[in-house]
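These notes are about the structure you will find just below.
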Number of protein chains: 2
Amino acid sequence: MAKDLSTEEKIKQAAKKIFMQKGLAGARMQDIADEAEINKAMLHYYFRSKQQLFDLIFEEKIVQLFSTLGGLFLDASPLDEKIKLFVEKQSDMIADFPSLPLFVLNELWQNPTLAEEKLKDKPLHLIREKFRSAYDEALTDEAREQLPFEQFLLNMMSLIIYPFMARPIFKSMIEVDDHQFDQILSERKQQVTKLLLQSIKLDS
Amino acid sequence: MAKDLSTEEKIKQAAKKIFMQKGLAGARMQDIADEAEINKAMLHYYFRSKQQLFDLIFEEKIVQLFSTLGGLFLDASPLDEKIKLFVEKQSDMIADFPSLPLFVLNELWQNPTLAEEKLKDKPLHLIREKFRSAYDEALTDEAREQLPFEQFLLNMMSLIIYPFMARPIFKSMIEVDDHQFDQILSERKQQVTKLLLQSIKLDS
DNA sequence: ATTCGCATTAACCAATTGGTTAAACCGTAT
DNA sequence: ATACGGTTTAACCAATTGGTTAATGCGAAT
């Protein structure tokens, strides 16, 4: 740390790092204070409790996780272009914060009601419906029946996100180091796009 | 609980449940004792420390997670049959323990060296090489170059596992209840198999 | 120079948590 | 009956942890 940020900002940065690394239960307030290079009491001065600090970070991160979806499906570009862009942007975003999805999922499982609370005001359904209509319009009746929108959505998210989360397992499974695995992940963007388009018979 | 199991077994059952639910940091020894309906001191009598108890459970779970891979690739069945069976068995197994992958991944990220330690004596590479050669033999040179084995493996694992982990998010995204989501997940087995075979041009 | 108000700190506190201990329990062999 | 062994329990302990407090620092306004 040791940057010339405001104390409040230093705390937020440190809290992000520690919470994402250790989760709510595993994170210690002292860890965050050390990371921010400030006195532990300052944490409670700026953010009343651990829970409040956590909620703030979590809220921000969940918005971040869905932000990629946002801008993409509002313009009139064709479906295959939308998909290609989504795969690339979402992959790049998670490559920057590989621990984000695991962190969010973990806390959502811990507290099942949290999901609806945090997501309900977000314009998620709006984006989804925009996406769904683009999907329905681009596909033939037959193709749409073969691969329902929900399944396609599951495929897309799974193919993009899971490999980042499962890095420790895959590294052992295919015996590569971090650098080689990064290589595989970056090649993946095209592979995933191709597979998704192929699955709805829109190969280009 | 309240079953007529031995104390040791009651503790193990309870520990599995609590650890899988809350992780190492989030689990309280008292939670485990309550779940097992025994005195907290018994935990230390049978398993010296929290860490030792956790290690035992974790070891067992990681074996379980990979056990499906084991039996499948030793016989001489054709590749498409292997894939189909793997998707079904792995899906069923995770449907029984949906929190397993998140739990394992979480602890592996927490302790990066753990992955190699726990996985290195397992015959994972043997199985993988068996699978790889089946893959290479079944595919044409062209197809194999288009979709390298590693990418196919990532696809397969992602498509199977991630939807179970991401249930809280997907429920909000596509606005379904647990029952409807279960329905989607069970239909998924065929969808995933089809997509995987299609991706290596082995549609049947 | 003094006052005022936010920022910062060290010391402290109460609750929680993993772990220990010594005594009690209880079926079995003597 | 008694002694013995593993098992179980309640009480206890030391360390950790989230959170508080009262005092201090310090720049700006008076």
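Chain letters run A, B, ... following the sequence lines, proteins first, then strands; residues in each count from 1.
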Q: Could you tell me whether A27(B) contacts a base, only the sugar-phosphate backbone, or nothing, with contacts defined as non-hydrogen atoms closer than 4.0 Å?
A: sugar-phosphate

**Q.** Nearest-nucleotide pick for Y46(A), side chain only, options being dT8(C), dG18(C), dT9(C)
**A.** dT8(C)

Q) Atom CG of D34(B) to atom P of dT9(D): distance rounded to whole Å? A) 12 Å

**Q.** Residue pair E107(A) / N111(A), side-chain donor-acceptor N/O under 3.5 Å
**A.** no

Q) Between atom CD in Q30(B) and atom P in dT9(D), what is the gap in whole Å? A) 12 Å

**Q.** Separation of atom CG in L53(A) from atom C1' in dG18(D), rounded to whole Å
**A.** 12 Å

(Q) Between P on dG19(D) and CD on Q52(A), what's the gap in Å once rounded to a whole number? (A) 9 Å

Q. Do K40(B) and dG19(C) share a donor-acceptor pair, side chain to base, under 3.5 Å?
A. yes

(Q) Which nucleotide wins on minimum distance to the side chain of Y45(B), given the candidates dG6(D), dT9(D), dG19(D)? (A) dG6(D)

Q. Taking it one step at a time, do L197(A) and K84(A) satisfy side-chain contact (heavy atoms from CB on, under 4.5 Å)?
A. CA-CA 9 Å; L197(A) 296 182; K84(A) 187 181 165 204; 5.7 Å; no

Sort me out a list of protein N/O and nucleotides 21-27 of chain C N/O pairs below 3.5 Å, or just none if empty.
none

Q.
Output the rounded distance in Å from CD1 (I38(B)) to P (dT7(D)).
A. 13 Å

Q.
Cation-pi check for F97(A) against K16(A): NZ or CZ below 6.0 Å from the six-membered ring centre and within 45 degrees of the axis, yes or no?
A. no

Q: Looking at every strand, decide which applies to F47(B) at a 4.0 Å heavy-atom threshold: base, sugar-phosphate, or nothing.
A: nothing

Q) Can you find a side-chain donor-acceptor pair between N106(B) and Q110(B) that sits under 3.5 Å? A) no

Q. Does the side chain of Q30(B) come under 3.5 Å of the side chain of D34(B) through a donor N or O and an acceptor N or O?
A. yes

Q: Could you label the plane-to-plane angle of the F170(B) and F181(B) rings as parallel, tilted or perpendicular, counting under 30° as parallel and over 60° as perpendicular?
A: parallel

Q: Could you check how far CZ of F54(A) sits from P of dT17(D), rounded to whole Å?
A: 18 Å

Q | Atom of K82(A), atom of S77(A) and distance for their closest heavy-atom approach | A | NZ-O, 3.0 Å

(Q) Which nucleotide wins on minimum distance to the side chain of M42(B), given the candidates dT7(D), dT17(D), dG19(D)? (A) dT7(D)

Q: For N39(B) and dA11(D), give me the distance from atom CG to atom C1', rounded to whole Å.
A: 10 Å

Q. Quick one: which of dG19(D), dT8(D), dG19(C) gets closest to the side chain of S49(A)?
A. dG19(D)

Q: Kindly point out which of dT9(D), dT17(D), dG19(C) is positioned nearest to the side chain of R28(A)?
A: dT17(D)

**Q.** Nearest-nucleotide pick for H44(A), side chain only, options being dT17(D), dG19(D), dT8(D)
**A.** dG19(D)

Q) Strictly under 6.0 Å, is that where the ring centroids of F131(A) and F149(A) end up? A) yes

Q. Is the distance from OP1 or OP2 of dT8(C) to the nearest side-chain N or O of T7(A) less than 4.0 Å?
A. yes

Q: Give the rounded distance in Å between these two atoms: CG of L43(A) and C1' of dA7(C).
A: 14 Å

